[in-house]
Amino acid sequence: MIELDRVSRRFADRDALRHLSLTVPAGQMAFVTGHSGAGKSTLLKLLLLLDRPTGGEIRVQGDATHLIKGRAVAPYRRRFGAVFQEHRLLFDRNVHDNVALPLEIAGFSPRDITRRVRAALDKVGLLARERADPASLSGGEQQRVGIARAVVARPEFLVADEPTGNLDPGLSAEIMALFEAFNQVGVTVLVATHDLGLISRFRHRVITLESGHLVEPNTLP
Amino acid sequence: MNRTEPENSNHWGPWSAWRAQHRVAAVTSWQKMVARPGATWLTWIVLAISLALPSAILLTLDNLRETLHGLSGAPQISVLLSLESNLAAADALREDVEAWPEVAIVSVVDRARALAEFIESSGFNSLPASLARNPLPHTLLVTPAEGLGAQAVARLATRLEAEVLVAQVVVDARWLERLEQMLRLGSRWVQGLGGAMILGAILVLANTLRLAVDARREEIQVVRLMGGSDAFARRPFLYTGVWYGAGGGLMATILVWGFGLWLSGPVNALLLLYDRPTQLLWLGPQYPLALILGSACLGWLAAWWVTERFFGH
């Protein structure tokens, strides 16, 4: 469960989040939407401890994030899988090694790594491209490699920041279906997107932000 | 909470995981260096030159010291006895002095024989006729014990002077003292030069590593985002530093070895001219070992220093 309790993030010139309070129960899939600058990315950054709130408190499965510092940050981040609009794949290694990175970090054995990477790539339909150079893949394929990397270590939470921003509608729906599939096996999924048309095709909770405020009440469909 | 923890199957524990991570970091950083042979060779060569120069001078000094050590037994002390003393007294004194621990060999030069030798070597055949009596005293030639330093030789001379029969003691040890002083100066010089060269080596390494870190900035960020610890993200760079250092040390060894080979001909010929059958001191196993290990440590330190601004707190 992710709980935000009157969370604010104030920058020098503006407030990215203002007293935002919301709860995402474990196992839920939710879309975070709003115009650009509404605070979607800020929210995800605060969850990944890439940034810290200037006010309020965030609790992840009951752990207050402001108490997670120094050496505790890395193990905390391993509980999350993260997907980005610009993929953030490493182009100095092939698809397999990109997906293997979280497993290497977590200290899996080489045999387990191979097995799990294959399973993750199979799930996103890219097992045949295991040895390919990421640069040779299409945008949609690169994003699927990014998703495989995010889920390969079986995190508790999957957060995605505009994962379909560069993709055409058909591919976007495919990507969202993938997130849905991971949610169905118990992963809590939070997807930030401004694509309202795409959201309307899925029946999941929608959290709408505007200028750092929550616009709609926490309603479950 | 424990879903991301590795499975504890097939004896795979934290220790195995740690070793596997090190193996991956070591191998991938080596592969990255091999993939860019031009830059890698250049770094190795610059490093090798910075390390080889002080090493070669150090080797030369070691050789000189070794040679000097062999020579230190050579300066003889001439002990001129008073003119009144006879040969029997000289022999008695010889036996006394030879028992001293700081003395190796003592021989007596008979005054009559000394004069005869002098006449023979100088060619003054008419000299005895013009002399009322032999002006030379009996003389003891004292060879100090092996390895006696210049100061100890001077003390030995003072002790000899205190003997009743002794008129004068002649030691030619000043040159020995001067040489020792020169060697001391040489050592300082090598230390200073070596320090400057090693500093240069560290700066070259640091610059190369800084470029490597800058080129892989994205990788560091992604690793941290995936929950990699600072140690994990830093490890490939530390290994890169070690590989650069060890490679540079190995090349420096080869350079010093080649330099020694190039010098050994003339030096051995020179030693032969001095009737010293010793050979040029060759590279002992401590040189390659110290160079490669020391240089690898330098590489590691340089990498630590460069990555400190990313990972330091």
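Naming: A, B, ... by sequence-line order, numbering from 1 per chain.
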Quiz item: Which pair of heavy atoms, one from A:Gly107 and one from B:Ala17, lies closest together, and at what distance?
Solution: O-CB, 3.3 Å
Quiz item: How would you list, by chain and number, every residue that makes a salt bridge (charged side-chain N to carboxylate O under 4.0 Å, His left out) with A:Arg14, sequence neighbours excluded?
Solution: none
Quiz item: If every non-hydrogen atom of B:Val223 is compared with every non-hydrogen atom of A:Ile105, which pair is closest and at what distance?
Solution: O-CD1, 3.7 Å
Exercise. Verify, without hydrogens or angle tests, whether B:Gln21 (side chain) and A:Glu104 (backbone) share a donor-acceptor contact under 3.5 angstrom.
Key: yes
Self-check item: Which atoms of A:Phe80 approach chain B - backbone, side chain, both or neither, heavy atom under 4.5 Å
Solution: neither
Exercise. State the CD-CG distance between B:Glu219 and A:Asp92, to the nearest 0.5 angstrom.
Key: 5.5 Å
Self-check item: Other residues, nucleotides, ligands: >12 heavy atoms within 6.0 Å of B:His22 NE2
Solution: yes
Quiz item: Near B:Arg188 CZ, under 6.0 Å, is it more than 12 heavy atoms from other residues, nucleotides or ligands?
Solution: no
Quiz item: Does NZ in A:Lys123 sit with more than 12 non-hydrogen atoms of other residues, nucleotides or ligands closer than 6.0 Å?
Solution: no
Exercise. Measure A:Leu103 against the heavy atoms of chain B and call it side chain, backbone, both or neither at under 4.5 Å.
Key: neither
Exercise. Answer with side chain, backbone, both or neither: which region of A:Arg93 has an atom nearer than 4.5 Å to a non-hydrogen atom of chain B?
Key: side chain
Quiz item: Heavy-atom count around B:Arg19 CZ within 6.0 Å, excluding the residue itself: above 12?
Solution: yes
Quiz item: Take atom CZ in B:Arg36; do more than 12 heavy atoms of anything else shown fall under 6.0 Å from it?
Solution: no
Quiz prompt | Under 3.5 Å donor-acceptor, A:Arg88 side chain and B:Val222 backbone | solution = no
Quiz item: Does atom CZ of A:Arg10 have more than 12 heavy-atom neighbours from other groups under 6.0 Å away?
Solution: no
Exercise. Find the distance between CG (A:Leu49) and CZ (B:Arg224) and round it off to the nearest 0.5 Å.
Key: 12.5 Å
